[in-house]
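I have placed the structure first, in the form of structure tokens, so that the comments after it can refer back to it.
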Amino acid sequence: MDRQQEFVLRTIEERDIRFVRLWFTDVVGTLKSVAIAPAELEGAFAEGIGFDGSAIEGFARVFEADMLAKPDPSTFQVLPWRGEHPGTARMFCDLLTPDSQPSFADPRHVLRRALSRAGDQGFTFYTHPEIEFFLLQPAKGKGKRERPVPVDNAGYFDHVAHGTAHDFRRAAITLLENMGISVEFSHHEGAPGQNEIDLRYADALSTADNIMTFRTVVKEVALSQGIRASFMPKPFREHPGSGMHTHLSLFEGDTNAFHEAGAPYQLSKTGRQFIAGLLRHGAEITAVTNQWVNSYKRLWGGGEAPAYLTWGHNNRSALVRVPMYKPDKGNSTRVEVRSIDSACNPYLALAVLLAAGLKGIQEGYELPPEAEDDVWSLTDAERRAMGIEPLPSSLGRALEVMERSELVAETLGEHVFDFFLRNKRAEWREYRQQITQFELDRYLTRL
């Protein structure tokens, strides 16, 4: 037994932990959980806990249902909202086949595999997400057609005296930091009821685990305060949607591979090629970074959401932005991807972003000219003349592009790639069968 496992067992005993929740995600990023007694933990570390994989989205076919969840002791944390005595803790799991091989259906393994490829090239991948979400008033009825109502009418950076959002963010950040998740900033976002909490830079696997924990914490705190939290990309037609702008950088040891003193924006050749990879493969990976029908209402709904494959410095309409360089802080050089939303599966999303950027480095892609104008304000003819290509305009279109992508297929692996396409095609078919209120209002009495 290694030191981390010994630490977990000792902590469980010292803190009177009676329940240990083992967490993992399905292919679309839904958190799954099974609770075990502390007495079972040594066996779980050694062999894993068996479960029926065929009952979970995208994991296994019926005839290969047996799977193992093996806890990662480095992710052990006490769940602070479950009370002190008796306590409850959690660990993320790696999923294995009965012969103890990594499961190809495990999103965490997909990201591990991508990080291993980066490591073979000497790179460590660091990420920093800015997570937006809505706080909504509690539901008054049980009907599916109930319209969401935000908890306030505040705007960007607004300070609302005795505001629900202030209390909420304070409580959520306290729980996150109690679980070892460092928070860098928090504030009210641009839409009523919309908030943003930014997590501190971490390696990509830790970031993905932290995002899954973040979504759970936010929903738990909302419930405790009698409100609702939603990571739906665009719940309101008239207000901006919720994204998850994510800052990316590659390090070679302690050196930021994206930094070059004196270069434009202090951005190295490696950084420029990484951006070029994100742009060239941006359409192919969009179904993964923006996986829901509703995601495209945000991307094509205006505001500061990107809809075109462009990059820029202070251009917030661009897909990829190079943030302002901080003098004497070369390690802060990074790129920001603005398309991704907070309802994605973070393991798969970070894996395809990394793969696209690494492809640009491997193939020596040339970075196209910077977009200096607000891309939304240009006409279609102006965009065509400048060679600016659009992101997919719908989930259906995104799936068509993804299906032809060797890069996404290789990154996700055959099992996840095929299931993801089947699952999302079913969602797209179901969406297209809906008769919307827009259609009823416009056509029912006109014809």
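Numbers for residues simply follow the sequence, beginning at 1. Below, all heavy atoms of this structure are taken into account, side chains as well, without hydrogens, waters or symmetry copies.
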Do the side-chain N and O atoms of [X] and [Y] include a donor-acceptor pair separated by under 3.5 angstrom?
X: His188; Y: Asp152; result: yes
X: Asp203; Y: Ser206; result: yes
X: Glu284; Y: Ser405; result: yes
X: His245; Y: Glu132; result: no

Taking side chain as C-beta onward, heavy atoms only, is [X] less than 4.5 Å from [Y]?
X: Leu378; Y: Ile388; result: yes
X: Pro233; Y: Ser242; result: no
X: Val352; Y: Val288; result: yes
X: Phe24; Y: Arg108; result: no
X: Phe236; Y: Pro148; result: yes
X: Ser342; Y: Phe214; result: no
X: Leu350; Y: Leu354; result: no
X: Ser393; Y: Leu391; result: no

Run the numbers on Arg384 and Glu382 for salt bridge (charged side-chain N to carboxylate O under 4.0 Å, His left out), then give the verdict. CA-CA 5 Å; Arg384 284 194 298 270; Glu382 288 171 331; over 6 Å; no
What is the distance from atom [atom1] of [X] to atom [atom2] of [Y], rounded to the nearest 0.5 Å?
X: Met244; Y: Thr127; atom1: CE; atom2: OG1; answer: 8.5 Å
X: Ile275; Y: Thr310; atom1: CD1; atom2: OG1; answer: 11.0 Å
X: Asp341; Y: Ile131; atom1: CG; atom2: CD1; answer: 11.5 Å
X: Lys32; Y: Arg21; atom1: NZ; atom2: CZ; answer: 14.0 Å
X: Arg321; Y: Arg338; atom1: CZ; atom2: CZ; answer: 6.0 Å
X: Phe258; Y: Leu248; atom1: CZ; atom2: CG; answer: 7.0 Å

Aromatic ring pairing Phe274/Phe125, orientation class (parallel under 30°, perpendicular over 60°, tilted between):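 Tilted, since the angle between the ring planes falls between 30° and 60°.
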Hey, what's the ring geometry for Trp23 with Phe92, parallel, tilted or perpendicular (30° and 60° as the breaks)? perpendicular
With no hydrogens and no angle check, is any side-chain donor or acceptor of [X] less than 3.5 Å from a backbone partner on [Y]?
X: Lys424; Y: Gln291; value: yes
X: Lys234; Y: Gly301; value: no
X: Asn290; Y: Ser339; value: yes
X: Thr289; Y: Ala349; value: no
X: Tyr265; Y: Thr333; value: no

Specify the closest pair of heavy atoms between [X] and [Y], including all atoms of both residues, with the distance to one decimal.
X: Ala105; Y: Val416; answer: CA-CG2, 3.9 Å
X: Ala318; Y: Pro306; answer: O-CB, 3.7 Å
X: Ser317; Y: Val375; answer: OG-N, 3.0 Å

[Y]/[X] salt bridge by N-O under 4.0 Å criterion:
X: Asp94; Y: Lys70; result: no
X: Arg112; Y: Asp106; result: no
X: Asp209; Y: Arg90; result: no
X: Asp380; Y: Arg383; result: yes
X: Glu403; Y: Arg425; result: yes
X: Arg429; Y: Glu427; result: no

Run Asn210 and Thr207 through side-chain hydrogen bond (donor to acceptor under 3.5 Å, both in side chains) and show every step you take. CA-CA 5 Å; Asn210 290 346; Thr207 295; 5.4 Å; no
Could you go through the side chain to side chain contact (heavy atoms under 4.5 Å, CB included) check for Leu115 and Leu205 one step at a time? CA-CA 8 Å; Leu115 295 173; Leu205 185 62; 4.0 Å; yes
Using the side-chain hydrogen bond (donor to acceptor under 3.5 Å, both in side chains) rule, take Gln273 and Thr270 through it: C-alpha gap first, then chi angles, then the decisive distance, then the call. CA-CA 5 Å; Gln273 291 172 338; Thr270 297; 4.9 Å; no
Take Phe168 and Phe133 through the ring pair (Phe, Tyr, Trp, His ring centres under 6.0 Å) test and state the conclusion after the steps. CA-CA 12 Å; Phe168 174 90; Phe133 55 92; 5.7 Å; yes
Contacts table for residues 176-184: side-chain donor-acceptor under 3.5 angstrom, sequence neighbours left out:
residue	atom	partner	partner atom	Å
Asn178	ND2	Thr174	O	3.3
Glu184	OE1	His128	NE2	3.4

Using the salt bridge (charged side-chain N to carboxylate O under 4.0 Å, His left out) rule, take Asp167 and Arg170 through it: C-alpha gap first, then chi angles, then the decisive distance, then the call. CA-CA 5 Å; Asp167 295 337; Arg170 183 173 62 249; 2.9 Å; yes
